[in-house]
Amino acid sequence: MLAFDTQCHLFIPGCGFEAPGLHSFVFEPLFTIGGYEFNKPMLLALLGTVVVVWFFWAAFGRAKVVPGKLQMVGEAGYDFVRRGLVYDALGKKEGEKYVPFMVALFFFVWIMNLWSIVPLAQFPVTSVISFPIGLALIVYIIWMSLTFKRHGFVGGWKNLSGYDKSLGWVLPLIMVLELLQHLIIRPFTHAVRLFANMFAGHMLILMFTIGSWYLLNGIGVVYAGASFLMTIVMTAFELFIQAVQAYIFVLLACNYIQGALAENH
């Protein structure tokens with residue numbers, strides 16, 4: 001489904017520029033099963049899952065001592081997350097058990113972002129707020145579970161509230177702020193940071209893409225060329241941001257788990 005009218009160009013009477021907006025992120029259902037609507041972002045999320053599972057299955061399903069090209073790429077990606085994210089945040093001893101989850105999370109978020117620049121797909125799934133919220137909620141549940149499992153019920157609340165008797169009279173204020181941060185602000189910003197960056201990036205690419213087509217008429221061709229150049233620049237920049245946002249999302253997840261396992265904040 002296109003985000004604009006392909007028959008509309010500059011200098012055509014009664015044909016104004018149709019700017020992208022929230023309507024550009026709303027899709028008609030592809031089909032309905034039992035009253036449950038299945039749309040394009042859901043399809044891309046499902047395909048993203050299949051791609052990630054297929055890649056690692058193909059890379060490591062029949063791992064060899066002398067790795068082939070696909071296994072080398074898989075090992076490089078796995079090792080990047082393991083050493084560059086998990087080990088740095090949690091250490092090798094504590095972090096090893098969380099490596100598979102973090103690797104899966106990183107590549108899943110990344111492929112969900114990458115759909116933005118894939119022909120025919122051309123939509124970042126994480127620009128729909130429900131997907132980042134779902135992923136952040138999974139991290140949040142693991143984080144809270146580990147906190148109370150490691151420290152017990154009372155110790156878990158002390159861990160979350162930053163309880164420290166040496167703070168004296170400011171302790172109640174600190175505890176309120178810490179609880180607000182850990183229980184509400186962190187999970188909220190964890191989801192919104194990913195969503196907002198992907199939403200804004202897709203909006204910019206749409207703006208310049210639609211602008212290029214709209215200006216492609218008469219003398220507007222000159223401006224269309226400049227707009228198309230910006231489309232290419234923004235797409236290249238978005239490619240970088242997509243990887244960065246996947247990195248940040250997993251880095252924060254590692255930091256939250258590290259906080260759950262730590263004796264003191």
Side-chain angles (χ1 to χ4, degrees), residues 25 27 30 38-61 63 70-90 95-146 186-202 238-258 260:
F25 296 81
F27 295 88
L30 298 174
F38 193 87
N39 59 20
K40 180 178 179 179
M42 294 177 185
L43 175 61
L44 294 178
L46 181 61
L47 289 176
T49 304
V50 173
V51 168
V52 173
V53 172
W54 170 84
F55 172 76
F56 282 102
W57 184 272
F60 299 113
L70 191 60
Q71 185 178 334
M72 288 180 64
V73 173
E75 288 180 352
Y78 189 91
D79 203 50
F80 168 75
V81 177
R82 179 175 62 178
R83 297 182 182 276
L85 289 168
V86 182
Y87 284 4
D88 282 355
L90 301 171
E96 190 63 43
K97 67 182 72 173
Y98 303 106
V99 171
F101 171 69
M102 294 302 175
V103 170
L105 186 62
F106 175 83
F107 283 97
F108 182 63
V109 172
W110 193 15
I111 193 66
M112 295 256 278
N113 296 344
L114 277 173
W115 286 127
S116 173
I117 60 171
V118 175
L120 298 181
Q122 296 173 306
F123 185 79
V125 180
T126 46
S127 66
V128 177
I129 187 63
S130 57
F131 290 96
I133 287 177
L135 294 173
L137 184 60
I138 293 172
V139 173
Y140 181 73
I141 291 172
I142 294 173
W143 172 22
M144 291 295 114
S145 300
L146 288 173
R186 282 191 175 185
F188 175 77
T189 57
H190 195 202
V192 170
R193 180 182 287 106
L194 175 61
F195 156 73
N197 278 278
M198 291 301 100
F199 182 93
H202 187 60
E238 186 68 5
L239 185 62
F240 170 72
I241 294 298
Q242 288 162 356
V244 169
Q245 287 306 311
Y247 179 90
I248 292 174
F249 193 86
V250 176
L251 177 63
L252 290 173
C254 290
N255 287 337
Y256 296 160
I257 291 176
Q258 188 277 331

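Quantities reported herein were computed from a predicted structural model and do not represent experimental measurements.
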Working to the nearest 0.5 Å, report the span between [atom1] of [X] and [atom2] of [Y].
| X | Y | atom1 | atom2 | value |
| --- | --- | --- | --- | --- |
| L252 | I248 | CG | CD1 | 7.0 Å |
| K97 | I257 | NZ | CD1 | 11.0 Å |
| L251 | L85 | CG | CG | 6.0 Å |
| M112 | S127 | CE | OG | 9.5 Å |
| L44 | I111 | CG | CD1 | 10.0 Å |
| S130 | L135 | OG | CG | 9.5 Å |

Could you pull out the closest heavy-atom pair between [X] and [Y], with the gap in Å?
| X | Y | answer |
| --- | --- | --- |
| G74 | F56 | O-CE2, 4.3 Å |
| N197 | R193 | ND2-O, 2.7 Å |
| L70 | F55 | CD1-CE1, 3.5 Å |
| P187 | W143 | CD-CZ3, 4.2 Å |
| N255 | A89 | OD1-CB, 3.8 Å |
| L120 | K40 | O-NZ, 3.4 Å |

Original post:
Crowded around F38 CZ? As in, over 12 foreign heavy atoms under 6.0 Å?
Top reply: yes
**OP:** May I have the step-by-step check of side chain to side chain contact (heavy atoms under 4.5 Å, CB included) for I138 and L105, ending in yes or no?
**Re:** CA-CA 10 Å; I138 293 172; L105 186 62; over 6 Å; no
Test item: [X] and [Y] side chains (from C-beta on) under 4.5 Å apart, heavy atoms:
| X | Y | value |
| --- | --- | --- |
| V118 | W115 | yes |
| M198 | S116 | no |
| Y98 | L146 | yes |
| M102 | C254 | yes |
| Q245 | N113 | yes |
| Y78 | P100 | yes |
| F195 | V128 | no |
| I117 | Q242 | yes |

Original post:
Can you list the residues that meet the ring-ring contact (aromatic ring centres under 6.0 Å, His included) rule with F131, with sequence neighbours excluded?
Top reply: none
**OP:** Applying ring-ring contact (aromatic ring centres under 6.0 Å, His included), name anything that partners F25, two or more places apart in sequence or on another chain.
**Re:** F123, F199, H202
**OP:** Mind telling me whether F249 and H190 have parallel, tilted or perpendicular rings, with 30° and 60° as the class edges?
**Re:** parallel
**OP:** Classify the angle between the aromatic ring planes of W110 and F107 as parallel (below 30°), tilted (30 to 60°) or perpendicular (above 60°).
**Re:** tilted
Original post:
Can you name the side-chain hydrogen bond (donor to acceptor under 3.5 Å, both in side chains) partners of Q122, sequence neighbours left out?
Top reply: none
Original post:
Does the pair V99 and Y87 meet the rule for a side chain to side chain contact (heavy atoms under 4.5 Å, CB included), with working shown?
Top reply: CA-CA 9 Å; V99 171; Y87 284 4; 4.2 Å; yes
Original post:
Yes or no on side chain to side chain contact (heavy atoms under 4.5 Å, CB included) for L114 and L239, after CA distance, side-chain angles and deciding distance?
Top reply: CA-CA 7 Å; L114 277 173; L239 185 62; 3.6 Å; yes
Original post:
Hey, mind stepping through Y247 and F80 against side chain to side chain contact (heavy atoms under 4.5 Å, CB included) and telling me if it holds?
Top reply: CA-CA 10 Å; Y247 179 90; F80 168 75; 3.7 Å; yes
